[in-house]
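Structure first, commentary second.
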Amino acid sequence: MRRLTGRRRGESGSLFAFDNSYIRLPQRFYRPAEPAVARAPRLIRFNRDLAEELNLDFTEASDEDLAAIFSGNSLPEGAASIAMAYAGHQFGNFVPQLGDGRAILIGEVVDARARRRDIQLKGAGVTAFSRNGDGRAALGPVLREYLVSEAMHALGIPTTRALAAVLTGETVYRETRLPGAVLTRVAASHIRIGTFQFFAARGDTEAVKTLADHVIARHYPELEGADQPYLALLNAVSGRQADLVARWLSVGFIHGVMNTDNMAVSGETIDFGPCAFLDEYDPRKVFSSIDQRGRYAYANQPGIAQWNLARLAETLLPLLGDDEDRNVEAANAALVEFGRVFQGRWLDLFRDKLGIAEVQEGDLDLVNSLLKLMEDGEADFTRAFRALCKVAGGAPAEALAAEFTDPIGVDDWLQRWSRRHEGDPRTAGQRQAAMEAVNPAIIPRNHRIEEAIVAGVSGDFAPFERLAEALADPYRENAALAAFQRAPEREQRVTRTFCGT
């Protein structure tokens, strides 16, 4: 494997000006890892906008150069090249050692906005944590994560990003033979609740404290010097997760595998395995093929986030002081606060979706009444809210009713909703514009993702490219992209999604 030298925008020397803070932690936090050599890497897509945001200059790099870098064949000078250690509760069952089994952190950069960002290769080969796996990724999960993570970013939801997708030229074996690929993921960090659990499970309180101090310095510097910094950290992580999950629900997103090792303490959405977006609204909806009991169903996600945060609280208890009873009481208060913050944020987001400018008593019932009608009438989540935007602008009630298989009750609800807007000084057009700014016209529909994956496995990346472009501007009505706004026909519906391992 050769080490690549190049340049960073405005500088000479390494193409990546790495400043690798995680590797400066004790070595029990990670294991050295080198990407496996890809036989014939070929670039699928490179995210030039994100590269510019990272302050990296690839203007003179060819597709072959990019494929070599982002397959791991040519690691940049200064790369950390490590696999991170973590544990986790998977579907409620604790696994004391997981770790990066097919991902390698090549390093950290400071971007154009002075934010520290991890750069990681997913599917780059075996690490010390691979647990007899091949460390590789199949093409399908790479395409899914690229599309969904970039769609989440365009929707305004905190998320990891996709910098590149590369074919390796090799075959991976799952249920069948599949093309291998590598995704380059960018994150505020890859530290998870499971990272804390890894050390707590070993009774390594010193490491838990070291990790907590690192997370505070990296993600919550405002907490440095607080009277109770570790309790403040628990509250801060809880607040970000409350906001994140509320945002997920506002666009109909189902993560699919909310294990504690898939919950980033930075507050970003991470690990897009069996994720999916609602078509018709159903709060009990599950897509993941491995979620047999509905643990991670759409409406269960707030409760699961709170459960996961309780596991984080358990790891931090020894850092809170000598009074165990008081520590437990303080941690429980933080978890109760999560519920309050989540409910408030969720209701604010759905008020915005309904075009409600000012808080009034009865707003919660108004939102829940519409959701119940949508559930009973099998209304498409995204299209129903987008249709309501048009009604706000003066379209007839039929524009919304047409989205329901059974529109009984829709007219009555619209009358309540119209009365709720009495006294709003905005014009109908202004209200519609405000609603369309928060109700997307285009989401990464499950059937569209599957189409892109099936075509990509066959060597045709045109559907992937078209979908990626369509998802880049999700709130704007565009007649040329009308096909991406349509709900799937019944025979097109995707009912199961699969993990990428």
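All figures in this text were calculated on a predicted structure; none of them were measured in a lab. No hydrogens, no waters, no symmetry mates; every other heavy atom, side chains included, goes into these values.
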| request: Would you please classify the geometry between the F342 ring and the F338 ring as parallel, tilted or perpendicular, with 30° and 60° separating the classes? | output: parallel
| task | Look at the rings of F58 and F70 and say which category their plane angle falls in: under 30° parallel, 30 to 60° tilted, over 60° perpendicular. | result | tilted
| message | What I want to find out is whether D380 reaches R386 closely enough, with some N-O distance under 4.0 Å, to be called a salt bridge. | response | no
| Interatomic spacing from CZ in R448 to CD1 in I442 - rounded to 0.5 Å | 10.0 Å
| message | One thing to verify: whether R496 and E450 come together as a salt bridge, which I'm taking to mean a side-chain N less than 4.0 angstrom from a carboxylate O. | response | no
| With no hydrogens and no angle check, is any side-chain donor or acceptor of E268 less than 3.5 Å from a backbone partner on A187? | no
| Stepwise, does the side chain to side chain donor-acceptor pair (under 3.5 Å) test hold for S458 with D460? | CA-CA 6 Å; S458 299; D460 178 11; over 6 Å; no
| request: Apply side chain to side chain contact (heavy atoms under 4.5 Å, CB included) to K390 and E477, showing your working. | output: CA-CA 11 Å; K390 294 180 171 59; E477 201 82 27; 3.7 Å; yes
| Within the distance-only criterion (no hydrogens, no angle test), does the side chain of D111 pair as donor or acceptor with the backbone N or O of R115 below 3.5 angstrom? | yes
| request: Verify ring pair (Phe, Tyr, Trp, His ring centres under 6.0 Å) between Y86 and F196, making sure each step is shown before the conclusion. | output: CA-CA 7 Å; Y86 55 84; F196 283 86; over 10 Å; no
| query | Is R39 salt-bridged to E170, going by a charged N under 4.0 Å from an acidic O? | reply | no
| query | When rounded to the nearest 0.5 angstrom, what is the spacing between CH2 in W248 and CG in D243? | reply | 11.5 Å
| field | Any donor-acceptor pair under 3.5 Å from D19 side chain to V109 backbone | value | no
| said: Looking at R174 and D134, is there a salt bridge between them, counting it only when a charged N and a carboxylate O are closer than 4.0 Å? | reply: yes
| query | Is a side-chain N or O of T269 found less than 3.5 angstrom from the main chain of T159, in a donor-acceptor match? | reply | no
| task | Start with the C-alpha distance between Y281 and F385, add both sets of side-chain angles, then the distance that settles ring pair (Phe, Tyr, Trp, His ring centres under 6.0 Å), and finish with yes or no. | result | CA-CA 11 Å; Y281 177 72; F385 278 104; 8.5 Å; no
| Salt bridge or not for D271 and R192, using N-O below 4.0 Å? | yes
| query | Out of curiosity, R185 CZ to L163 CG, how far, rounded to the nearest 0.5 Å? | reply | 13.0 Å
| field | Side-chain heavy-atom pair Q97, F129 within 4.5 angstrom cut-off | value | yes
| message | Using only atom types and a distance under 3.5 Å, with no angle test, would you say the side chain of Y30 pairs donor to acceptor with the backbone of I23? | response | yes
| field | F29 ring center near F199 ring center (under 6.0 Å) | value | yes
| Side chain of N262, backbone of V257: donor and acceptor closer than 3.5 Å? | yes
| Which value, rounded to the nearest 0.5 Å, describes the distance between E436 atom CD and K353 atom NZ? | 12.0 Å
| field | side chain to side chain donor-acceptor pair (under 3.5 Å) between Y475 and N439, intermediate numbers included | value | CA-CA 7 Å; Y475 293 102; N439 286 298; over 6 Å; no
| Donor-acceptor contact present, side-chain E280 to main-chain A379, <3.5 Å | no
| request: Nearest 0.5 Å please: distance from the NZ atom of K122 over to the CZ atom of R136. | output: 14.5 Å
| Salt-bridge contact E469-R45 (side-chain N to carboxylate O under 4.0 Å) | yes
| message | Looking at S266, is its backbone amide N or carbonyl O close enough to the side chain of R240 to form a donor-acceptor pair, meaning the two atoms are under 3.5 Å apart? | response | yes
| Side chain of T260, backbone of H89: donor and acceptor closer than 3.5 Å? | yes
| N73 side-chain N/O to A38 backbone N/O, donor-acceptor pair under 3.5 Å | yes
| request: Could you tell me whether E451 and R466 have a side-chain N and a carboxylate O separated by less than 4.0 Å? | output: no
| Atom pair CZ (R476) and CG (D473), whose distance is rounded to the nearest 0.5 Å | 4.5 Å
| task | Inspect the contact between D279 and R490 and indicate whether a charged nitrogen and a carboxylate oxygen are less than 4.0 angstrom apart. | result | no
| request: May I ask you to decide whether E53 forms a salt bridge with R113, counting only side-chain N to carboxylate O separations under 4.0 Å? | output: no
| For the residue pair L50 and V186, what are the closest heavy atoms and their distance? | CD2-CG2, 4.0 Å
| field | cation_pi(R445, F484) dist<6.0 Å, angle<=45 | value | no
| query | Would you find more than 12 non-hydrogen atoms of other residues, nucleotides or ligands less than 6.0 Å from R42 atom CZ? | reply | no
| task | State whether F91 and R295 meet the cation-pi test: NZ (Lys) or CZ (Arg) under 6.0 Å from the six-membered ring centroid, and within 45° of the perpendicular axis. | result | no
| query | Are F277 and F253 close enough that their ring centres sit under 6.0 Å apart? | reply | yes
